[in-house]
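Here is the structure we will look at, set down as structure tokens.
Along the sequence shown, the residues carry numbers beginning at 1. Start at 1 and go down the list; that is how both ligands and their atoms are numbered.
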Amino acid sequence: MIDLHTHTNESDGTYTPFELVDAAMAAGLDALAISDHDTLAGYDQALPRAREKGLDLVCGIELSTKARGKTVHLLGYFLNNPPAPEFRGWLEEMQASRRDRNVRMAERLRSLGIDITIEEVQKRGRSLAGRPHFAKIMLEKGYVSTIQEAFDEYLDESAKGYVDRYEPELAYGIKRIGEAGGISSIAHPVRLGYRDPERLRGLVKEMAEAGLSALEVYHSDHNPSDVEQFLGLAREFHLGVTGGSDFHGDVKPGIRLGAGAGNLNIPRSVLDRLREIPPQAS
Ligand code: AMP
Ligand code: FE
Ligand code: FE
Ligand code: ZN
């Protein structure tokens, strides 16, 4: 069993990189990818621990991009070599755009009567503070009674506290990951919320032409018919297949490493096949 989609406390997870490696060993995983939002800091810290424990650790990233006006999460995996240095520089630009957004979002929430400061948020977020950190603080202060309520009422893209930030176009994210020596995969396609399957097909076709390598077929949010649909798209457009639980630790208590929301159980062969994909031509 493997898990190619996990977060540490360097982004919005709650486990330290060390704890995540140990938890992966305890869960009996054959391989683990750390795919933090916009930062490689968790992977960098986990690497010595994974070597010591003999865990196959994959360098991953989850970028927030835009396609057709909506946020699309894009995974990148560096299966053979670490990403080129330019890529790390580009991630720093993403992080700066987040910090700027966070300042404006704290102001916006204060204008809605919520006592929250950017300092509090940044203290939680380490390399990268995101909306889940805002949600946790709002929960602790009693403004909402669940993390989900914080999103529904304030933080969701359609909610009153949301503030936009710069996000690169999906095709550009694909290009950057390819140029850095990685393979790209559209994360949890179900969350795009495209009700018409042809709409998703159109996007995948266009992105396959732009150099997309894979689709995240297996994910905690995908039901068996989603998996069927995405496998079909991967086959049609000659894309690879990735999968993972999207483990965030205690902020998403229903999601377990490797097992996801139940019995995700992704076989090692999924990673073996990814390793056969040549890095994107750029
Ligand atoms: P950010 O990167 O700061 O924009 O925050 C994005 C993260 O917030 C996602 O990775 C999810 O973990 C979480 N998130 C975004 N929208 C929602 C939502 N509607 N409900 C629950 N969690 C959400
Ligand atoms: Fe997240
Ligand atoms: Fe995501
Ligand atoms: Zn994720």
So do the side chains of N102 and F134 get within less than 4.5 Å of each other, counting heavy atoms only? yes
Kindly indicate whether the side chain of Y172, heavy atoms from C-beta on, has any atom under 4.5 Å from the side chain of T65. no
Please verify whether a non-hydrogen atom of H7 lies at under 4.0 Å from ligand 1. no
Heavy atom of H73, distance to ligand 1 below 4.0 Å: yes
May I ask you to establish whether K160 and Y154 are in a cation-pi arrangement, using a distance under 6.0 Å from NZ or CZ to the six-membered ring centre and at most 45° from the ring axis? yes
State plainly whether the residues [X] and [Y] are in salt-bridge range, i.e. N to O under 4.0 Å.
{"X": "R49", "Y": "E52", "value": "yes"}
{"X": "E92", "Y": "R88", "value": "no"}
{"X": "K175", "Y": "E179", "value": "yes"}
{"X": "E198", "Y": "R201", "value": "yes"}
{"X": "D38", "Y": "R98", "value": "yes"}
{"X": "D12", "Y": "R131", "value": "no"}

Ligand 1 versus [X]: contacting region, heavy-atom distance under 4.0 Å:
{"X": "R101", "value": "side chain"}
{"X": "Q148", "value": "side chain"}
{"X": "I147", "value": "neither"}

Return the name of the atom in D12, of element N, O or S, nearest to the Fe ion (ligand 2). OD2
Do any of the N/O/S atoms of H37, backbone or side chain, fall under 2.8 Å from the Fe ion (ligand 2)? yes
2.8 Å cut-off met by an N, O or S atom of D246 to the Fe ion (ligand 2): no
Write out the residue and atom name of the closest protein heavy atom to atom 17 (C) of ligand 1, then the distance separating them to 0.1 Å. F151 CD2, 3.2 Å
Counting heavy atoms only, name the option from E62, R98, R131, H37 that's nearest to atom 2 (O) of ligand 1. R98
Under 4.0 Å to a heavy atom of [X] - the qualifying atoms of ligand 1, by number:
{"X": "G130", "result": "3 (O)"}
{"X": "K252", "result": "12 (O)"}
{"X": "P132", "result": "5 (O), 7 (C), 8 (O)"}

CA sep, side-chain torsions, deciding dist, call: D100, R165, salt bridge (Lys or Arg N to Asp or Glu O under 4.0 Å): CA-CA 8 Å; D100 169 65; R165 70 180 171 97; over 6 Å; no
Shortest non-hydrogen pair, V144 vs L139, comes out as O-CD1, 3.6 Å
Show the nearest heavy-atom pair for residues P17 and N9, with the distance to one decimal. CD-OD1, 3.6 Å
Should D156 be counted as touching ligand 1, given the test is an N or O pair under 3.5 Å? yes
The protein N, O or S atoms lying under 2.8 Å from the Zn ion (ligand 4) are H5 NE2, H7 NE2, E62 OE1, D246 OD1
With distance as the sole criterion, is a donor-acceptor pair present between the side chains of D246 and H5 under 3.5 Å? yes
